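Treat the numbers as computed from the prediction; the structure is a model and nothing was measured.
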Amino acid sequence: MKKCKYCQSEIDSKAKVCPNCRKKQPGIVKWIILAIIVVLIIGAVVSQKEEEARKKDFTQNEVATYENVNYSILKVDKTQGTNEYFKPKEGYEYVKVTIKIENNSSDKISYNALDWQMVNADGVEDAWGSITADDDKTLGSGDLDAGGKIEGVLVWEQKKGDSNLRLRYYNNLLSDNYTLQFQLD
């Protein structure tokens, strides 16, 4: 037996409606659903705080780790290129960045050159160019097994002498927030 939540009369403990006042008795389901919603909200807030606290900005010489994958800039070259058919525009140069990705996780990961964007001093963010300035191995796209590593070059055309170039990595192209950023020398 239990008491009706409204009229306080004794009713069967399994009754969903009070036989005296005809009011529906509140169930535990709504409290369980409410508790689940609260737990999900708390989890999202904690996850967001952890993401904000995670280091996202690195110098060119640092190794950045995200989800047990190391990202590093091995070399940055500024060149006019050696290909006679492809030359940068007047006042511009090619910025060649050699990137290394090491998968230290226990899962296969995907990598893609399109995950990388360069930001110049004017705040313009561009995807990498489709051609290389020289005969370099371009970083393409594919999968990297656990323990695997790959190196490749990406090339951008930027104004000569731009000293505020930043290379950004996005692990989710649908997000406006970069995952990692390297300040290039």
(message) Taking atom NZ as the centre, does Lys2 end up with more than 12 heavy-atom neighbours from other residues, nucleotides or ligands that are less than 6.0 angstrom away?
(response)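 Atom NZ in Lys2 is crowded, with more than 12 foreign heavy atoms closer than 6.0 Å.
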What's the separation between atom [atom1] in [X] and atom [atom2] in [Y], rounded to the nearest 0.5 Å?
X	Y	atom1	atom2	value
Tyr170	Leu180	OH	CG	11.0 Å
Asp107	Leu144	CG	CG	12.0 Å
Cys18	Asp12	SG	CG	11.5 Å
Ser72	Gln60	OG	CD	11.0 Å
Ser141	Asn112	OG	CG	4.5 Å
Gln158	Lys89	CD	NZ	9.5 Å

(request) Considering non-hydrogen atoms only, spot the tightest contact between Cys21 and Tyr6 and give its length. (result) SG-CB, 4.3 Å
(request) Write down the atom of Asp126, the atom of Trp156, and the distance for their closest heavy-atom approach. (result) O-NE1, 3.1 Å
(message) So, using side-chain hydrogen bond (donor to acceptor under 3.5 Å, both in side chains) as the criterion, who are the partners of Ser163 when residues are at least two apart?
(response) none
Assigning hydrophobic clusters by single linkage (Ile, Leu, Val, Met, Phe, Trp, Tyr; side-chain heavy-atom cutoff under 4.5 Å), is [X] placed with [Y]?
X	Y	result
Val76	Leu139	yes
Leu167	Tyr66	yes
Tyr111	Ile99	yes
Tyr92	Leu184	no

(request) Can you tell me which residue pairs pass the salt bridge (charged side-chain N to carboxylate O under 4.0 Å, His left out) test with a partner in residues 148-164, sequence neighbours excluded? (result) Asp122-Lys159
With side chains defined as the heavy atoms from C-beta onward, is the minimum distance between [X] and [Y] less than 4.5 Å?
X	Y	value
Ile73	Glu62	no
Ile11	Gln25	yes
Lys78	Leu165	yes
Thr138	Val153	no

(message) As a quick check of understanding, evaluate side chain to side chain contact (heavy atoms under 4.5 Å, CB included) for Val119 and Gln117, giving each step before the final call.
(response) CA-CA 7 Å; Val119 182; Gln117 304 281 316; 5.6 Å; no
Quick check against the 3.5 Å criterion: does [X] have a side-chain atom that pairs as donor or acceptor with the backbone of [Y]?
X	Y	result
Lys96	Thr79	no
Arg166	Asn120	yes
Glu93	Gln80	no

(request) Among Leu114, Val95, Asp115, find the one that has a side-chain contact (heavy atoms from CB on, under 4.5 Å) with Trp128. (result)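 Result: among Leu114, Val95, Asp115, Leu114 is the only option passing the side-chain contact (heavy atoms from CB on, under 4.5 Å) with Trp128.
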(message) So, using side-chain contact (heavy atoms from CB on, under 4.5 Å) as the criterion, who are the partners of Val69 when residues are at least two apart?
(response) Tyr71, Ile101, Asn103, Ile109
(message) side chain to side chain contact (heavy atoms under 4.5 Å, CB included), that's the test. Do Met118 and Val124 meet it? Break it down for me.
(response) CA-CA 8 Å; Met118 184 170 287; Val124 176; over 6 Å; no
(request) Could you walk me through whether Gln181 and Asp57 pass the side chain to side chain contact (heavy atoms under 4.5 Å, CB included) test, one step at a time? (result) CA-CA 5 Å; Gln181 175 174 264; Asp57 296 304; 3.0 Å; yes
(message) Which label fits Phe58 and Phe182: parallel for a plane angle under 30°, tilted from 30 to 60°, or perpendicular past 60°?
(response)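 Correct class here is tilted.
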